[in-house]
There are 2 protein chains.
Amino acid sequence: MDTRELRSLGLKATLPRIKILEILEQQTEFSNHLTAEQIYKILIKGNEDIGLATIYRVLTQFESSGIVKRHHFEGGNSVFELDDGEHHDHILCVKCGQIAEFNDDLIEQRQKEISLALGYTLTDHSLYLYGYCAACR
Amino acid sequence: MDTRELRSLGLKATLPRIKILEILEQQTEFSNHLTAEQIYKILIKGNEDIGLATIYRVLTQFESSGIVKRHHFEGGNSVFELDDGEHHDHILCVKCGQIAEFNDDLIEQRQKEISLALGYTLTDHSLYLYGYCAACR
DNA sequence: TTGATTGCAAAGAATTTGCACTGGG
DNA sequence: CCCAGTGCAAATTCTTTGCAATCAA
């Protein structure tokens with residue numbers, strides 16, 4: 001139950017927060033990576049009277065709480081996805097926007113080696129691949 | 001000579017374009033990755049009367065011409081660097097902003113394999129590593 | 001000369017913030 | 001009941017655009 005999850009984060013279980021969580025959980029066949037605007041439109045369509053500013057605020061809180069991850073894909077706006085704690089990278093279709101996720105131990109390992117060699121202590125990284133998906137090729 | 005380079009791209013050798021090229025070529029000990037704003041300030045300091053809008057326009061033209069690359073680092077604005085045709089990735093210090101470049105064949109290779117496996121035709125990618133540099137550790 | 005280029009100011013797009021009102025605990 | 005949370009509109013930030021003036025070829 002979302003209500004309990006929110007409480008455990010020290011957040012009141014308000015309607016906007018519950019609705020936004022629900023939307024993020026409903027991963028569509030297409031993508032579970034949504035912009036604030038997209039979430040807003042879904043809510044409007046569902047006759048929920050929730051402001052766009054609230055969506056940004058809630059997503060930012062969720063991000064701070066570690067249950068949502070924010071991505072800045074090329075050119076576009078921020079997109080948000082539920083963060084289950086498992087790291088993964090992304091590959092995006094530049095034509096249709098389709099997003100696939102992957103994780104590769106070899107790349108992860110190599111990144112650590114490179115940082116070390118350059119004298120950095122790695123805290124985070126972002127890897128986005130862009131191309132044409134099978135359908136758009 | 002920059003004038004010639006600009007002409008060969010079909011661009012008039014105007015003062016703003018030449019000045020901006022010069023700034024990008026002068027890679028400082030700190031970084032050769034600059035925001036439009038930073039370039040603007042450097043020009044102002046040099047008593048050049050060039051508008052910020054012009055800088056954005058020129059950089060965008062340079063990007064189209066393939067002599068400049070634009071990056072969207074985490075959170076911040078766009079940064080620009082001269083594009084010498086050699087691909088490289090970046091590692092940034094989250095504290096002082098220091099940027100190092102690297103290129104790793106193993107990672108490049110692996111990216112291709114992954115795209116292929118997922119049915120994508122790769123056109124581009126961005127890899128940014130974030131951490132603390134030796135000085136900020 | 002003359003079309004490309006620029007500066008300025010105004011427009012846009014995405015996101016954040018101020019503030020009075022509302023609702024969850 | 002009371003303060004965290006919200007809606008709305010206004011403010012910010014970064015970037016792009018319209019247009020008359022200017023400049024390189």
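A, B, ... follow the sequence lines: proteins, then strands. Residue 1 opens every chain.
- Hydrophobic cluster membership of Phe102(A), counting Ile, Leu, Val, Met, Phe, Trp and Tyr whose side-chain heavy atoms lie under 4.5 Å apart directly or via other members: Ile91(A), Ile107(A), Ile114(A), Leu118(A), Tyr120(A), Leu122(A), Leu127(A), Leu129(A), Ile91(B), Phe102(B), Ile107(B), Ile114(B), Leu118(B), Tyr120(B), Leu122(B), Leu127(B), Leu129(B).
- Here the closest non-hydrogen pair linking Ala13(B) and Thr3(B) is CB-CG2, 3.5 Å.
- The heavy-atom pair separating Val68(A) from Leu59(A) by the smallest distance is CG1-O, 4.3 Å.
- Nearest nucleotide to the side chain of Arg57(B), out of dT17(D), dA25(D), dT15(D): dT17(D).
- The footprint of chain A on DNA chain C, defined by a heavy-atom cutoff below 4.0 Å, extends from dA14(C) to dG25(C).
- More than 12 heavy-atom neighbours from other residues, nucleotides or ligands sit within 6.0 angstrom of OH on Tyr128(A).
- Considering every non-hydrogen atom in both Ser65(A) and Leu11(A), the closest pair reads OG-CD1, 4.2 Å.
- Counting any heavy atom pair closer than 4.0 Å across all strands shown, Ala36(B) reaches no nucleic acid atom.
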Please evaluate residues Ile55(A) and Ile20(A) with respect to the criterion side chain to side chain contact (heavy atoms under 4.5 Å, CB included), reporting the C-alpha separation (whole Å), side-chain torsions for both, the decisive distance (0.1 Å), and the verdict.
CA-CA 8 Å; Ile55(A) 295 172; Ile20(A) 291 171; 3.9 Å; yes
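- The minimum heavy-atom distance between Cys96(B) and Cys133(B), with the atom names listed, is SG-SG, 3.8 Å.
- Contacts with DNA chain D (heavy atom under 4.0 Å) in residues 37-49 of chain B: none are found.
- OP1 or OP2 of dT15(D) lies within a sub-4.0 Å distance of a side-chain N or O belonging to Ser78(B).
- The local environment of OH in Tyr132(B) is sparse, with at most 12 non-hydrogen atoms from other residues, nucleotides or ligands closer than 6.0 Å.
- Of all nucleotides listed (dA25(D), dT17(D), dG5(D)), dG5(D) comes nearest to the side chain of Thr14(A).
- Contacts of Ile50(A) with the nucleic acid, taken as non-hydrogen atoms under 4.0 Å apart, involve only primed sugar atoms and P, OP1 or OP2.
- Looking at residues 2-9 of chain B, you'll see that no heavy atom sits under 4.0 Å from any atom of DNA chain C.
- Rounded to 10 degrees, the angle separating the terminal axes of the helix from dT1(C)-dA25(D) to dG25(C)-dC1(D) is 30°, with each axis obtained from five end pairs.
- The side chain to side chain donor-acceptor pair (under 3.5 Å) check on Glu81(A) picks up His33(A), His71(A), His88(A), His90(A), with sequence neighbours excluded.
- Side-chain contact between Arg70(A) and Val79(A) is absent, with no heavy-atom pair separated by less than 4.5 Å.
- Closest approach of Gly119(B) to Arg137(A), counting heavy atoms only: O-NH2, 2.6 Å.
- Using a 4.5 Å heavy-atom cutoff, the side chains of Asp124(B) and Glu74(A) are in contact.
- Across every non-hydrogen atom of Tyr40(B) and Gly51(B), the tightest pair is CE1-C, 4.0 Å.
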